[in-house]
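Each chain gets a letter, A, B and so on, in the order the sequences are listed, and its residues count up from 1.
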2 protein chains.
Amino acid sequence: MGGPRFEPVRAVRAYERVVEQVEEAIESGVLVPGGRLPSERELMTQFSVSRSTVREALRVLQARGLVRSRPGDPHGAEVLPFSPAALHKSMTTLARVAELSLGELVQFRMVLDASAVLLAARLRTEEQLAEMYAAVAAMRAAAEADDAGGGTSEEAFGAADMAFHDAIARAGGNKLVQICTDVVRSIVVKLIADRIAGEPDRGSLMRRSIRHHEEVIAAVRAGDGPLAARLSRKAMYDYYAGYVEESERSALRALLE
Amino acid sequence: MGGPRFEPVRAVRAYERVVEQVEEAIESGVLVPGGRLPSERELMTQFSVSRSTVREALRVLQARGLVRSRPGDPHGAEVLPFSPAALHKSMTTLARVAELSLGELVQFRMVLDASAVLLAARLRTEEQLAEMYAAVAAMRAAAEADDAGGGTSEEAFGAADMAFHDAIARAGGNKLVQICTDVVRSIVVKLIADRIAGEPDRGSLMRRSIRHHEEVIAAVRAGDGPLAARLSRKAMYDYYAGYVEESERSALRALLE
DNA sequence: CTAGTGCACTGGTCTGACCAGTAGGCTACG
DNA sequence: CGTAGCCTACTGGTCAGACCAGTGCACTAG
């Protein structure tokens with residue numbers, strides 16, 4: 001101990017410094033969504049680096065979802081409004097590389113959705129409640145179309161289901177919960193889309209899901225958060241348990257009290 | 001309707017196809033962590049593209065946390081084991097660009113931590129319980145060092161706290177919950193590190209936090225998940241409420257029942 | 001006033017070059 | 001024979017300059 005503790009000076013690549021500066025400009029608000037970066041050739045003179053370096057930096061920024069560039073665009077790369085696309089990408093990679101099981105993903109959704117619904121029961125506006133009702137109505141319409149042999153009805157059902165959960169999440173008022181819910185939902189749906197489409201008894205699954213959603217809405221309307229949360233977990237479990245490995249279901253049931 | 005619905009063929013850049021192929025190789029297990037990619041010059045012949053294109057692809061893969069390259073390394077870029085670094089990065093960006101408030105972040109932690117602790121109460125092993133005890137002991141040691149005027153004690157306290165929550169999350173058995181908890185925790189800590197360090201009555205805050213943690217452990221040991229979850233939320237609230245905007249605290253309290 | 005055309009400039013890609021740094025083989029010394 | 005130190009063949013990082021297809025805008029012809 002004692003004496004100055006020097007840190008190793010890691011070599012910072014030129015393109016990294018370019019990334020840093022642009023990132024800083026975006027986060028500090030100097031560059032606003034919809035705004036434009038100078039052209040690559042302009043950037044290379046401003047940063048005193050070559051175009052390859054500028055381009056590598058732009059690739060990184062693009063991978064992080066901060067900018068987008070189109071060939072031929074005379075205005076330069078566009079600064080994007082925030083989108084969870086990058087989060088989505090890294091979570092998808094996570095799901096594959098870290099070998100996340102369907103059970104873990106569903107469990108995560110149970111947790112987040114239940115909290116969102118708990119919060120929604122207290123914070124929702126009348127308008128958001130109406131959206132939830134509308135979403136359930138759309139689900140019912142899709143289910144009926146399915147009974148009649150409609151082709152793309154499970155797609156419509158899924159979209160309505162998403163609208164419902166999105167309304168809940170927005171009503172809950174936590175953007176992070178909302179975004180994570182959405183990201184994980186899309187991953188889960190993608191994982192089992194084919195299995196759902198081939199489900200023999202799809203109709204009864206849909207009907208049961210609709211009933212569950214209605215119960216959740218009723219609890220939200222009544223302002224009973226804990227009940228709504230319980231119902232929400234139950235609904236999620238019932239809908240997805242069939243697709244989850246038997247060995248993982250007990251961990252899911254642990255959330256049902 | 002009717003007739004084939006053609007999709008617009010979006011122009012796929014060369015470097016994107018390189019990224020896709022390498023990503024595919026990693027996710028399918030052809031390339032394992034610790035393994036090496038061919039050198040850039042080798043890759044450019046394999047993919048029949050120029051080195052610039054190869055390098056842009058590598059930058060993207062690096063930004064996604066899949067590979068790392070060192071100058072002079074004769075073995076080529078290294079395939080990395082999974083790390084939540086990319087997730088961390090995109091969530092940090094999210095927090096800044098999407099203007100996530102401290103309140104939302106803390107609320108998110110309350111939700112995730114409570115679920116982790118709920119699951120841990122059922123699934124924890126004796127070994128993991130011991131780790132939790134050890135972490136609390138370390139917290140106490142740090143708090144005592146702080147009373148004695150130790151310099152880096154709040155750092156040690158934070159590290160022990162992290163170890164505690166990490167043990168809980170691992171015991172809960174959901175990797176996604178564990179990772180998200182960890183990522184958000186580090187963001188929160190970074191946001192208020194300076195405020196915590198300057199806290200006048202840090203000692204009592206630490207002591208109260210330790211007591212809370214002990215209560216949580218007791219409930220986990222007893223297998224009472226719901227109680228442990230409640231205590232965990234309470235502990236988190238007590239610790240962070242002071243740093244959260246007054247207007248947001250009610251949303252946090254909504255989680256306390 | 002509008003429809004069409006041309007041009008200036010963009011991003012995407014390629015080629016070829018140089019540099020600093022690394023690893024591992026080779027050599028010379030003990 | 002063993003080892004310390006050098007040497008070389010490579011690596012990734014960066015640069016310069018070139019070409020192409022595509023875009024938006026100004027200009028022009030109707």
Side-chain angles (χ1 to χ4, degrees), chain A residues 6-23 25-26 31 33-80 85, chain B residues 6-23 25-26 31 33-80 85:
Chain A
F6 295 117
E7 292 187 0
V9 278
R10 63 181 180 89
V12 169
R13 285 81 198 248
Y15 79 89
E16 282 181 5
R17 275 173 306 196
V18 174
V19 167
E20 276 171 23
Q21 285 199 46
V22 177
E23 219 165 21
I26 292 177
L31 286 169
R36 301 303 185 121
L37 257 55
S39 75
E40 295 180 358
R41 288 166 177 88
E42 170 69 25
L43 285 173
M44 74 185 240
T45 71
Q46 286 193 24
F47 285 110
S48 293
V49 294
S50 73
R51 193 147 89 96
S52 343
T53 303
V54 168
R55 286 182 58 76
E56 290 184 25
L58 288 178
R59 289 286 87 83
V60 173
L61 291 166
Q62 188 166 330
R64 293 195 186 152
L66 292 174
V67 306
R68 173 184 53 182
S69 40
R70 266 179 324 139
D73 189 335
H75 300 108
E78 183 185 359
V79 178
L80 293 178
Chain B
F6 293 118
E7 291 186 2
V9 278
R10 63 181 180 89
V12 169
R13 284 78 200 252
Y15 78 89
E16 282 181 5
R17 275 172 308 200
V18 174
V19 167
E20 277 171 23
Q21 285 198 47
V22 177
E23 220 165 20
I26 292 177
L31 286 169
R36 300 303 185 119
L37 257 55
S39 76
E40 296 180 358
R41 288 165 177 89
E42 171 68 26
L43 285 174
M44 74 184 240
T45 70
Q46 286 194 24
F47 285 111
S48 292
V49 294
S50 73
R51 193 148 90 97
S52 348
T53 303
V54 167
R55 284 182 58 76
E56 289 185 25
L58 288 178
R59 288 288 87 84
V60 174
L61 291 166
Q62 189 166 331
R64 293 194 185 151
L66 293 174
V67 305
R68 173 183 54 181
S69 39
R70 260 182 329 139
D73 189 336
H75 301 107
E78 183 184 0
V79 178
L80 293 178

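- In this structure the side chain of B:P38 reaches within 4.5 angstrom of the side chain of B:Q46, judged on heavy atoms.
- The closest side-chain heavy-atom distance from A:L37 to A:L58 is below 4.5 Å.
- What separates CG of A:L58 from C1' of C:dT13 is a distance of 15 Å, to the nearest Å.
- Rounded to an integer number of Å, the gap from CG of B:L43 to P of D:dG13 is 13 Å.
- Counting heavy atoms from C-beta on, the side chains of A:V67 and A:I26 come closer than 4.5 Å.
- Between the CZ atom of B:R55 and the C1' atom of C:dT13 there is a distance of 15 Å, rounded to whole Å.
- Summarising the geometry, the separation between OH on A:Y15 and P on D:dT14 is reported as 8 Å, rounded to the nearest angstrom.
- Residue-to-nucleotide proximity on DNA chain D shows that, of B:S39 and A:R17, the 5′-proximal contact is made by B:S39.
- One can place CD of B:E78 at 17 Å from P of D:dT11, the figure rounded to the nearest angstrom.
- Rounded to a whole Å, the CG atom of A:L61 is 14 Å from the P atom of C:dG11.
- Residues forming a side chain to side chain donor-acceptor pair (under 3.5 Å) with B:S39 (at least two apart in sequence, or on another chain): none.
- Using a 4.0 Å cut-off between charged nitrogen and carboxylate oxygen, A:R64 and A:E23 count as a salt-bridge pair.
- Residues forming a side chain to side chain donor-acceptor pair (under 3.5 Å) with A:R41 (at least two apart in sequence, or on another chain): none.
- Atom CD in B:E40 sits about 15 Å away from atom P in C:dT15, given to the nearest Å.
- The main-chain N or O of B:E56 is never found under 3.5 Å from a side-chain atom of A:R59 such that the two would form a donor-acceptor pair.
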Nucleotide-resolved protein contact map, nucleotides 15-24 of chain D, B/S/- at heavy-atom distance under 4.0 Å: B--BB--BBS
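- In terms of phosphate contacts, B:S69 brings no side-chain nitrogen or oxygen within less than 4.0 Å of OP1 or OP2 of D:dG12.
- Taking atom CD of residue B:E56 and atom P of nucleotide D:dG12, one finds them 16 Å apart after rounding to whole Å.
- Among the atoms of the strands shown, none is found under 4.0 Å from any heavy atom of B:R68.
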